[in-house]
Undergrad: 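One structure follows; several queries about it will come next.
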Amino acid sequence: MSTQWLKDAVFYEIYPQSYYDTNGDGIGDFNGIIEKLDYIKSLGCNALWINPCFDSPFKDAGYDVRDYKKVAPRYGNNNDLYRLFGEAHKRGIRVLLDLVPGHTSEEHEWFRQSQKAETNEYSNRYIWTDFCFQPAKGMGFIGGESERSATYALNFFKCQPALNYGFLKPEEPWQLATDHPDAIATREAMKDVMRFWLDHGCDGFRVDMAASLVKFDDEKKSGTSAIWRNVREMLDAEYPDAAMVAEWSDPPVALRAGYHMDFYLNHPGGGYASLMRDYQKGFSVNDGVDNSYFRKDAPDRDINRFLEQYEAWYKDTRDIGYISMLTCNHDTIRPRFNMEMDELKLAYAFIFTMPGVPFLYYGDEIGMRYLDLPTKEGGYYRTGARTPMQWDSSKNLGFSTGCADSLYLPVDPAADAPTVESQQDDPASLLNTVRALLKLRHEEADLQADGEYETVCAEKGKPFVYRRGSLLLAVNPSGEKLFADVDADDRQVLFVLGMADAHARRLAMGPQSFVVLK
Ligand code: NOJ
Ligand code: CA
């Protein structure tokens, strides 16, 4: 296996609609990403994940793919994307595309064929029952829209019919077994899509709803996992450098299914949510107490809410793949929503010094705000985290030369909207703190994906202290000076935010501080 590059990989997620518009139509494009590759490199990121950029009616921002092998004209053409791969590679940057294997758009040609009354090659490509009034048990379904006398199952929104990978224990005549040739044909069609992009220079995939292939009877995910292991065999044999990251958020299962990385996502009640988004109740915002670990004024912070889940996963998976920590993604409220710049510095310092492969969401490096906006392209509350990147003080904050009305989404109207330009020359800015942290990560192998992790002090009321290989790290997000009994006297300070002092077997951490000791 030669996905060795993941050991020192730091990803940057780009929502292409909103990154940089080079032709003034108000929508970001491939040429825009190419123009900003040097900026991305300057952050210390050496890999990209680009959200779906394929032909689509955009009822779910491109997660409703109409043609897997053709890019959406609003971003450019296929050759522009191939050029992006080449320009990224020249700078040592790898590029992952977003693979959506669980569903297509209802406008995909496979689905149009599948809707026909007459049986054809695509009749079983999607999950259909065998009668116009019969729903598929346990799943959302649509009836009355097709010539075929049956209902079809949905994987997400109404525009996203579920692809058919078969069922583990078929009970109804319309349920195919997972080894039925038509179920296997769906898997092979997805491999064909992967080969197409890999042959053109892409370096792998972020996989949408990776757990969703085999439907409701696959509780332990054995059916879905078998499909991914088969895909991984193909990659190892034909594209050994290619990497896959799952949208699964269950690393013990996803990594055993053959994924190289799995995201640690913002699931309600999960450990990751307790770090920066404790204000959430389920997926909605509540007005209750915010005990997010990195908030300065959290009344009752406790890092153990994170560690209980994380450490179990880490110990179970450290030899088989990577957990990916992220600042945010296109489905999540930006961390600036409830956190100030100094709080973000500490949160990012933590995320970028943890094992596994970290992901930075575009705009988080300057602390872009979450905007309160009406829904766009099926975004709903997610829309506010998808606004244009803020480059400088020029028109539309440097995102586009088009008129403000033509923009995909509005830019932050605040007078103090953060921009790259306004932070560029300040060594203490969030932007330059991100750069310094990533530089340190690239310099110290112990801080990278494989470096060992151990909790040293997780007691309430004390700084959180952890070990990465031979390095000792500590963070104090509170507004008070805190102490931990650790013997760090002869260590050298490699990096510090705020004040930290090791003396007489006591580590003193000033208000809102972070330190890396060697
Ligand atoms: C997860 C994606 O991240 C999200 O944006 C999308 O709406 C759903 N999957 C459906 O594809
Ligand atoms: Ca454009």
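This structure is a prediction, so every number in the text was calculated from the model and none was measured. Remember, it's 1-based here, ligands and their atoms both numbered in the order they're listed.
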Undergrad: Which atoms of ligand 1 sit under 4.0 Å from any heavy atom of Arg386?
TA: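 Per the distance check, 5 (O).
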
Undergrad: For ligand 1, which atoms have a heavy atom of Asp208 less than 4.0 angstrom away?
TA: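 Contacts of ligand 1 toward Asp208, numbered from 1: 1 (C), 2 (C), 3 (O), 8 (C), 9 (N), 10 (C), 11 (O).
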
Undergrad: Using side chain to side chain donor-acceptor pair (under 3.5 Å) as the criterion, point out the one residue from Tyr362, Tyr63, Tyr15, Tyr361 that pairs with His330.
TA: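 Single pass found, and it is Tyr63.
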
Undergrad: Counting from 1, what ligand 1 atoms have a heavy atom of Met209 closer than 4.0 Å?
TA: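 Taking each heavy atom of Met209 in turn, ligand 1 has 9 (N), 10 (C) under 4.0 Å.
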
Undergrad: Looking only at protein heavy atoms, which one is nearest to atom 7 (O) of ligand 1, and how far off is it?
TA: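 Of every protein heavy atom, Asp60 OD2, 2.7 Å lies nearest to atom 7 (O) of ligand 1.
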
Undergrad: How close does the nearest protein non-hydrogen atom get to atom 5 (O) of ligand 1, and which residue and atom is it?
TA: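 I find the closest protein heavy atom is Asp331 OD1, 2.7 Å.
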
Undergrad: Below 30° counts as parallel, above 60° as perpendicular, anything between as tilted: where do the rings of Phe156 and His103 land?
TA: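 Phe156 and His103: parallel rings.
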
Undergrad: Atoms of ligand 1 less than 4.0 Å from His330 heavy atoms?
TA: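 Reading through ligand 1 atom by atom, the close ones are 2 (C), 3 (O), 4 (C), 5 (O).
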
Undergrad: Heavy atoms only, cut-off 4.0 Å: how does Lys59 contact ligand 1, side chain, backbone, both, or neither?
TA: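 Neither; nothing of Lys59 gets under 4.0 Å from ligand 1.
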
Undergrad: Have Trp49 and Asp98 got a donor and an acceptor in their side chains that come within less than 3.5 Å?
TA: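 There is such a pair between these side chains.
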
Undergrad: Show which atoms of ligand 1 fall inside a sub-4.0 Å distance from at least one heavy-atom site of Arg382.
TA: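 Ligand 1 atoms under the 4.0 Å threshold to Arg382: 4 (C), 5 (O), 6 (C), 7 (O).
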
Undergrad: Can you tell which of Lys376, Arg74, Arg386, Glu377 makes a side chain to side chain donor-acceptor pair (under 3.5 Å) with Tyr408?
TA: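 Only one of Lys376, Arg74, Arg386, Glu377 forms a side chain to side chain donor-acceptor pair (under 3.5 Å) with Tyr408, namely Glu377.
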
Undergrad: Does Glu377 come within less than 4.0 Å of ligand 1, judged by its heavy atoms?
TA: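 Not so, Glu377 does not reach ligand 1.
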
Undergrad: Check the Ca ion (ligand 2) and write out every protein N, O or S atom at under 3.0 Å, as residue and atom.
TA: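 Near the Ca ion (ligand 2), the protein supplies Asp21 OD1, Asn23 OD1, Asp25 OD1, Ile27 O, Asp29 OD2.
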
Undergrad: Are Trp110 and Thr104 close enough that a side-chain donor and a side-chain acceptor fall under 3.5 Å?
TA: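 Per modelled atom types, Trp110 and Thr104 side chains form no pair under 3.5 Å.
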
Undergrad: Would you kindly say whether Glu109 and Tyr122 are connected by a side-chain donor-acceptor distance under 3.5 Å?
TA: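 On atom types as modelled, these side chains do not qualify, holding no pair under 3.5 Å.
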
Undergrad: Quick one about Lys70 and Asn77 (side-chain donor to acceptor, distance below 3.5 Å, no hydrogens or angles considered), yes or no?
TA: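 There is no such pair between these side chains.
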
Undergrad: What are the atoms of ligand 1, with element, lying closer than 4.0 Å to any heavy atom of Glu247?
TA: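 The list of qualifying atoms is 1 (C), 3 (O), 9 (N).
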
Undergrad: State whether Asp290 and Arg295 are salt-bridged, where the test is any N-O pair (Lys NZ or Arg NE/NH1/NH2 against Asp/Glu carboxylate O) under 4.0 Å.
TA: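 Salt bridge present between Asp290 and Arg295.
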
Undergrad: At the 4.0 Å heavy-atom cut-off, does Val100 count as touching ligand 1?
TA: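 Not so, Val100 does not reach ligand 1.
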
Undergrad: Classify the ring geometry of Trp391 against Tyr20: parallel below 30°, tilted from 30° to 60°, perpendicular beyond 60°.
TA: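 Correct class here is perpendicular.
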
Undergrad: Would you call Arg112 and Glu106 a salt bridge, taking side-chain N to carboxylate O under 4.0 Å as the test?
TA: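 So Arg112 does not pair with Glu106 through a salt bridge.
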
Undergrad: Can you see whether Tyr259 engages Arg232 through a side-chain donor-acceptor pair at a distance of less than 3.5 angstrom?
TA: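 The answer is no; no qualifying pair exists.
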
Undergrad: Show the atoms of ligand 1 that are less than 4.0 angstrom away from any heavy atom in His103.
TA: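 Near His103, meaning under 4.0 Å from one of its heavy atoms, ligand 1 has 10 (C), 11 (O).
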
Undergrad: Can you spot which of Leu99, Leu97, Val100 makes a side chain to side chain contact (heavy atoms under 4.5 Å, CB included) with Phe54?
TA: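 Passing option: Leu97.
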
